[in-house]
**Student:** 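Got a structure here, written out as structure tokens. Questions coming.
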Amino acid sequence: MITDPTLTRIGEAVTLHHHQGQRAAAHEMFAQIWDDIGGEQGDPLHICVLAHAMADVQDDVRQELTWDLRALAAADLVTAERVAEAGVTLSVTGLYPSLHLNVGECYRKLGDLDRAREHLQRARETIGALGDDDYGQLIRGGLEQLAQQLSTE
């Protein structure tokens, strides 16, 4: 169970967006949390999770990519100890499939198919870190969809 109050706040904003359809309110809440954590000077776990979520509420794919790349860079600084301390059940390695999937999808939208394929491959290399639960299946489905789109482009 997540015990980190900042991650709980991020989760509340994600719920606003994904479950309540309040994209603008979620964006505002993400922006406030970003300020509260000190932006890029904050805790890498907070940066990773927040930037990953913030990418989803961007109108411009280039801004979405900027946030996704920020999340990916922060993931490299997150430790297993920090994840456990926050009460996150996913391993650090388990962060990467979704991060690479999102970056790959952005590159596909921008027409940079080589980079999209590179991130698809990186996501596939780390997919074993995910279980066969709903989340793991969601990410696997996203990877299959991206692979299919890239094979036709």
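If you read the sequence from its start, that first residue is 1, and numbering goes on from there.
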**Student:** Under the rule for salt bridge (charged side-chain N to carboxylate O under 4.0 Å, His left out), what residues qualify as partners of D36, not counting sequence neighbours?
**Tutor:** R9

**Student:** Using side-chain heavy atoms (C-beta onward) and a distance below 4.5 Å, is T66 in contact with D68?
**Tutor:** no

**Student:** In the structure I gave you, are the side-chain heavy atoms of F30 and L50 within less than 4.5 Å of one another anywhere?
**Tutor:**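 When only atoms from C-beta onward are counted, L50 and F30 do touch, with a gap below 4.5 Å.
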
**Student:** Regarding R122 and E125, does a basic nitrogen lie under 4.0 Å from an acidic carboxylate oxygen?
**Tutor:**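 Salt bridge absent between R122 and E125.
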
**Student:** Using side-chain heavy atoms (C-beta onward) and a distance below 4.5 Å, is C48 in contact with L95?
**Tutor:** yes

**Student:** Using a strict cut-off of less than 4.0 Å between a Lys/Arg side-chain nitrogen and an Asp/Glu carboxylate oxygen, indicate whether R82 and D4 qualify as a salt bridge.
**Tutor:**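 Between D4 and R82 there is a salt bridge, with a charged N closer than 4.0 Å to a carboxylate O.
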
**Student:** Going by salt bridge (charged side-chain N to carboxylate O under 4.0 Å, His left out), name the residues that satisfy it together with D133, two or more places apart in sequence or in a different chain.
**Tutor:**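 Partners of D133 by the salt bridge (charged side-chain N to carboxylate O under 4.0 Å, His left out) criterion come out as none, since no residue qualifies.
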
**Student:** Side chains of D43 and I37, heavy atoms from C-beta outward: is any pair under 4.5 Å?
**Tutor:**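 A side-chain contact under 4.5 Å is absent here.
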
**Student:** Is the closest basic N to carboxylate O distance between E118 and R115 below 4.0 Å?
**Tutor:** no

**Student:** Applying side-chain hydrogen bond (donor to acceptor under 3.5 Å, both in side chains), run through T126 and H100 and close with a yes or a no.
**Tutor:** CA-CA 9 Å; T126 57; H100 283 294; 5.8 Å; no

**Student:** Would you say the side chain of H27 lies within less than 4.5 Å of the side chain of M54, judging by non-hydrogen atoms?
**Tutor:**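 They are in side-chain contact.
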
**Student:** Closer than 4.0 angstrom, basic N to acidic O: yes or no for D56 and R23?
**Tutor:** no

**Student:** Once you round to the nearest 0.5 Å, how far does NE2 of H119 lie from CG of L72?
**Tutor:**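 Between atom NE2 of H119 and atom CG of L72 there are 6.5 Å.
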
**Student:** Ignoring hydrogens and angles, tell me if any N or O in the side chain of T3 forms a donor-acceptor pair with the backbone of A86 under 3.5 Å.
**Tutor:**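 A pair under 3.5 Å: yes.
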
**Student:** Tell me whether L138 shares a hydrophobic cluster with L130, the cluster being built from Ile, Leu, Val, Met, Phe, Trp, Tyr side chains joined at under 4.5 Å.
**Tutor:** no

**Student:** One pair to check against side-chain hydrogen bond (donor to acceptor under 3.5 Å, both in side chains): D76 and Y96. What are the steps and the verdict?
**Tutor:** CA-CA 9 Å; D76 290 339; Y96 287 98; 2.5 Å; yes

